[in-house]
Amino acid sequence: MLYTEILKDSAVFTRVYKRGGRASAGGAVGYFLKNNRPYNRFGITVGKKVGGAVERNRAKRIIRAAYRKNELLLPIGYDIVIVARGDTVGMKSFGLDPFFKKLAREIERSSEKNSH
RNA sequence: CGAGUAAGCCAUGCGGCAGCGGACGCCGUUUUACGGCGGAUGAGGAAAGUCCGAGCAUCGCAGAGCAGGGUAGCUGCUAACGGCAGCCGAGGGCGACCUCAGGGAAAGUGCAACAGAAAAUUACCGCCGUUUUUCGGCAAGGUUGAAAAGGCGAGGCAAGAGCUCACCGCGAGGCAGGAGACUGCUUUGGCGUGUAAACCCUACCUGAUGCAACACCGUUUGGUUCGGUAUGUCAAUGUCUGCUCGGCAGGCAUACCGUUAUAGGUGGCUUGAGCCAUGUGGCGACACAUGGAUUAGAUAGAUUGCCGCACAAGACAAAACUCGGCUUAUCGGCUUAGUCGCACC
RNA sequence: GGCCCGUUGGUCAAGCGGCUAAGACACCGCCCUUUCACGGCGGAGACAUGAGUUCGAUUCUCGUACGGGUCA
């Protein structure tokens with residue numbers, strides 16, 4: 001990943017859920033919050049509902065692969081958390097492309113709102 | 001050929017492009033750190049459930065008894081076990097074979113609803129003798145129930161009864177066999193049910209906590225926890241396992257010093273009572289000898305993304321300190337050895 | 001990763017190994033009322049699941065599934 005760190009602090013996760021913006025499209029939900037850093041921080045959440053260890057790991061892999069592919073779409077300087085849903089497991093990684101496009105659009109729209 | 005039994009093995013494979021984890025080598029780089037390149041390597045038979053047993057670590061070590069917990073045929077195997085092997089007993093199957101918490105109810109306490117006379121030192125209806133008030137003897141027959149006082153047949157008797165006898169079951173003694181559980185023979189007693197996955201008794205085992213253990217390095221602020229020293233004050237308390245004996249420490253407040261908690265990092269962290277082959281011993285579990293191969297060690301947590309080919313199909317499922325078992329989930333395929341049935345020679 | 005609990009009608013729940021498994025709220029029918037509510041009468045509806053022990057299991061034992069708590 002080019003300009004991304006992995007997000008591990010549970011306090012940051014909570015802050016992103018509470019204060020961040022939100023975008024959802026087939027297979028996943030994304031949360032984002034401005035972090036004022038020269039890089040992005042990226043985290044994945046997979047709940048127990050998705051399945052056992054095998055299914056959860058697979059969901060994480062698919063999301064990671066899709067993120068790597070779509071990283072250039074996203075603006076820099078955000079904390080991004082993606083939550084897997086039950087149907088994420090059965091998808092191909094390019095199946096998440098529309099989701100990332102929507103996420104990028106939502107982030108841009110919110111930043112415009114804040115600057116005005 | 002069909003059905004069924006037991007034991008064991010495999011767990012989709014191959015290729016292309018891009019990528020991930022920890023090592024290794026080379027290069028860059030002032031050392032650390034960091035970056036680049038390279039070829040190799042990288043989840044399971046159950047990694048799962050966490051049901052047992054160990055290693056390892058810390059705490060307590062001054063122990064003893066009780067309590068609590070666990071196990072339950074015998075002999076062995078093992079580091080150990082609640083595991084495994086062989087055998088004994090009981091039960092199931094035509095059979096190969098399979099299943100069993102399989103000690104004690106004659107140490108004591110409890111429970112056995114409903115029904116029934118009665119659920120444990122029984123007597124309602126009965127039977128017999130005497131007599132028709134009764135008194136005495138008896139437990140065959142009856143009903144209920146999951147279970148009714150050893151079973152069944154014959155003799156015997158007033159009627160009956162292990163009262164007597166044969167066979168069977170049970171207990172006790174003796175003899176023989178066996179390492180033992182136990183088995184066989186024989187003598188003898190006439191013999192009050194079930195439940196211990198009810199309390200309990202007997203024998204054996206058992207300190208507690210768990211890698212988020214623990215060891216080391218170390219940041220910042222504060223003064224929460226614990227320890228030491230000093231001063232003051234109080235006369236009871238804390239701790240070692242829940243309790244008792246016993247041991248150790250007096251307790252509280254303040255001040256100072258250390259420690260701990262509150263970011264993090266490194267070690268622990270993978271070679272192990274391990275695996276494979278052959279030989280020897282053993283019925284076997286297993287042991288010993290020789291030879292060989294040993295490559296996950298992450299820390300938000302690595303095997304992927306996209307695509308092609310093959311076949312009828314691709315299940316259950318992801319290491320987190322490590323082993324030995326047990327249990328549970330599982331698409332299918334293969335191998336070996338017995339058994340039963342049918343047909344043919 | 002380790003440890004510890006629980007599961008009874010739609011919901012909350014009681015239940016010595018033995019009755020038809022209490023009770024409350026909710027639901028349905030009837031009565032009461034001009035009507036609704038309150039009240040009265042009646043009714044339907046459950047032991048998570050698979051084995052074992054026992055004459056008999058919601059209860060005891062073991063396995064499985066699901067749910068919850070706890071240790072940073």
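Lettering follows sequence order; numbering is per chain, from 1. These numbers were taken from a predicted model, which means no experiment stands behind them.
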Item to complete: Indicate syn or anti for B:rU219, taking the glycosidic torsion and treating anything within 90° of 0 as syn.
Response: anti
Worksheet item: Looking only at atom C1', what distance separates B:rG210 and B:rU335, rounded to whole Å?
Response: 45 Å
Worksheet item: Partner of B:rU58 by Watson-Crick or G-U wobble geometry, both contacts under 3.5 Å, or none?
Response: B:rA208
Worksheet item: How far does the C1' atom of B:rG268 sit from the matching atom of B:rC211, given to the nearest Å?
Response: 8 Å
Worksheet item: So does A:Arg61 get a side-chain nitrogen or oxygen closer than 4.0 Å to the phosphate oxygens (OP1/OP2) of B:rU303?
Response: yes
Worksheet item: Considering Watson-Crick and G-U wobble pairs with both distances under 3.5 Å, what does B:rC138 pair with?
Response: B:rG126
Worksheet item: Is the base of B:rA249 syn or anti, if syn means a glycosidic angle within 90° of 0?
Response: anti
Practice prompt. Once you apply the 3.5 Å cut-off to both distances, tell me the Watson-Crick or G-U wobble partner of C:rG67, or none.
Written response: C:rC5
Worksheet item: Watson-Crick or G-U wobble partner for B:rG267, using a 3.5 Å limit on both distances?
Response: B:rC214
Worksheet item: Using atom C1' of each nucleotide, how far apart are B:rA80 and B:rC56 to the nearest Å?
Response: 15 Å
Worksheet item: So which nucleotide does B:rG281 pair with, by the Watson-Crick or G-U wobble rule with both distances under 3.5 Å?
Response: B:rC286
Worksheet item: Less than 4.5 Å apart, any side-chain heavy atom of A:Leu103 and any of A:Tyr31?
Response: no
Discussion item. Give me the distance, rounded to whole Å, that separates B:rG155 from B:rA140 when you measure between the C1' atoms they each carry.
Written reply: 15 Å
Fill in: Interatomic spacing from CZ in A:Phe32 to CD1 in A:Ile107 - rounded to 0.5 Å
5.0 Å
Practice prompt. Report the distance from atom NZ of A:Lys102 to atom CZ of A:Arg109, rounding to the nearest 0.5 Å.
Written response: 8.5 Å
Worksheet entry | Base orientation of B:rG45, syn vs anti, 90° cut from 0 | syn
Discussion item. Checking one value: the base orientation of B:rG104, syn if chi is within 90 degrees of 0, otherwise anti.
Written reply: anti
Worksheet item: In whole Å, what separates the P atom of B:rA318 from that of B:rA302?
Response: 14 Å
Response to the item:
Mate of B:rU327 across any strand shown (Watson-Crick or G-U wobble, both atom pairs under 3.5 Å) is B:rA48
Practice prompt. Could you work out the separation of B:rC125 and B:rA117 based on their C1' atoms and round it to a whole Å?
Written response: 8 Å
Worksheet entry | B:rC84 - base-pair partner by Watson-Crick or wobble geometry, distances under 3.5 Å | B:rG76
Worksheet item: A:Ile62 has an atom CD1; how far is it from atom C1' of B:rU303, in whole Å?
Response: 14 Å
Discussion item. Taking the C1' atom in each of B:rU294 and B:rC81, what is the distance between them to the nearest angstrom?
Written reply: 29 Å
Discussion item. With rounding to the closest Å, how many angstrom separate the C1' atoms on B:rC214 and B:rA57?
Written reply: 6 Å
Discussion item. Side chains of A:Phe99 and A:Val29, heavy atoms from C-beta outward: is any pair under 4.5 Å?
Written reply: no
Worksheet item: Taking a pair as Watson-Crick or G-U wobble with both distances under 3.5 Å, which nucleotide is matched to B:rG258?
Response: B:rC226
Response to the item:
Rounding to 0.5 Å, atoms CD1 (A:Ile63) and CZ (A:Phe100) come to a distance of 7.5 Å
